[in-house]
Amino acid sequence: MDGGGEDGKQERHLVLAHKLFLLSHPAVDDLSKVALRADVLAAVKSDDMAPLFESLVAAGVLEPDAALLAEMRGRIDEEIRKLDEKIADAEENLGESEVREAHLAKSLYFIRVGEKEKALEQLKVTEGKTVAVGQKMDLVFYALQIGFFHMDFDLISKSIDKAKNLFEEGGDWERKNRLKVYEGLYCMATRNFKKAAGLFLDSISTFTTYELFPYDTFIFYTVLTSVITLDRVSLKQKVVDAPEILAVIGKVPHLSEFLNSLYNCQYKSFFVAFSGLTEQIKLDRYLQPHFRYYMREVRTVVYSQYLESYKSVTMEAMASAFGVTVDFIDQELSRFIAAGKLHCKIDKVAGILETNRPDARNAFYQATIKQGDFLLNRIQKLSRVIDL
């Protein structure tokens, strides 16, 4: 990993990580996996990623090749020897900035060849030689990229916390905005979609984090996380009418139809667009673990939005609006009602759905009464203790 992002390109190790994910995905056909395997081997060879090669051979992804492995190990040893010589020379004959640069070069080389632990250790050494807050932040970004390559959420979380502490000492807005995208991706990958949506929306107009993903992928993530976390008014203001999103949304298949049909209550079109998006969600390494959860949340949003307009509605009318059968709607709603996701009941005999939306004011009143009773009980117990 060599930083990435400066030339608007995705960091090549993260591209490799996505290809490795696709290689292990059962939905990817064998012919595509042949091409992916060739791409992975080429990437491993070009960066002398001996540790990754060994793990992929052990997992049966790549064929064993002792000669290739020995060749890569030999080049790694030679390069590390040269880097150590440069560090020694800088420490003896040059200034502090040259010493730091020499240590940074060794850190980046360990990252490049996939030596995770050695890279993290060398980044710590480099940090010890670093004074400027901005340069320390750059080292944290390297650690974050390592974390996302290995999907090491503990490393990512600690690095984000470290970056926030560094910003208390100073730091420029460009790096702060980049960190928002890194944190947003971490939140999305750990199923905190609400926080992810907020961080992504804050970064729309200042996005420069091309080392993680292209801008159209960023918009894809922003729309997906916003749809299940924002109310209609906020969705309209921040997403549907956002010029930055409007400029790019057409480049992602089905995404514009997905967003606009939901907002415009065109439920039949929404289901068609949603089914088109499911494949992209399933083949995304950050979203795939949450595929079933996301599918449920989107359907909860759209069914709730439809039922919001009615006190009661026939099952047939709802099925027609969504372009599905009555039996499908019956089964779907039964599951969501049982899980407490939808506030309605089904009259199977009459074929009618009756909504019973909770009264927010009454619920607040009941909660206040309950808290008041609890407080009175505590006061009475306290008064008994004082009397004694």
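From a predicted model like this one, the values you see are computed outputs, not experimental measurements.
In this structure, the side-chain contact (heavy atoms from CB on, under 4.5 Å) partners of Glu297, at least two apart in sequence or on a different chain, are Ile228, Tyr293, Lys341. Remark: Met295 pairs with Phe274, Thr278, Phe291, Arg299 by the side-chain contact (heavy atoms from CB on, under 4.5 Å) rule, at least two apart or across chains. Residues forming a side-chain contact (heavy atoms from CB on, under 4.5 Å) with Glu63 (at least two apart in sequence, or on another chain): none. Residues that satisfy the ring-ring contact (aromatic ring centres under 6.0 Å, His included) test with Phe220, not counting sequence neighbours, are absent from this structure. Shown here are the side chain to side chain donor-acceptor pair (under 3.5 Å) partners of Thr130, two or more places apart in sequence or in another chain: Arg100. Residues satisfying the salt bridge (Lys or Arg N to Asp or Glu O under 4.0 Å) criterion with Glu54, sequence neighbours excluded, are Arg73. Remark: Tyr221 engages Phe213 in a ring-ring contact (aromatic ring centres under 6.0 Å, His included) (not counting sequence neighbours). Not counting sequence neighbours, the partners of Phe141 by the ring-ring contact (aromatic ring centres under 6.0 Å, His included) test are Tyr182. Among residues two or more places apart in sequence or in another chain, the salt bridge (Lys or Arg N to Asp or Glu O under 4.0 Å) test is passed with Lys236 by Asp241. Remark: Ser107 engages Gln122, Leu123, Thr126 in a side-chain contact (heavy atoms from CB on, under 4.5 Å) (not counting sequence neighbours). Every residue two or more places apart in sequence or in another chain that forms a ring-ring contact (aromatic ring centres under 6.0 Å, His included) with Tyr303 is listed here: Phe322, Phe336.
Side chains of Asp154 and Ser157: no donor on one and acceptor on the other come within 3.5 Å.
Ion pair Glu127/Lys162 flagged as a salt bridge, since at least one NZ, NE, NH1 or NH2 atom sits closer than 4.0 Å to an Asp/Glu carboxylate oxygen.
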May I have the list of side-chain donor-acceptor pairs in residues 184-191 shorter than 3.5 Å, sequence neighbours left out?
residue : atom : partner : partner atom : Å
Thr190  : OG1  : Tyr186  : O            : 2.8
Thr190  : OG1  : Cys187  : O            : 3.2
Arg191  : NE   : His290  : ND1          : 3.1

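Remark: aromatic rings of Tyr267 and Tyr306 are close, center separation under 6.0 Å.
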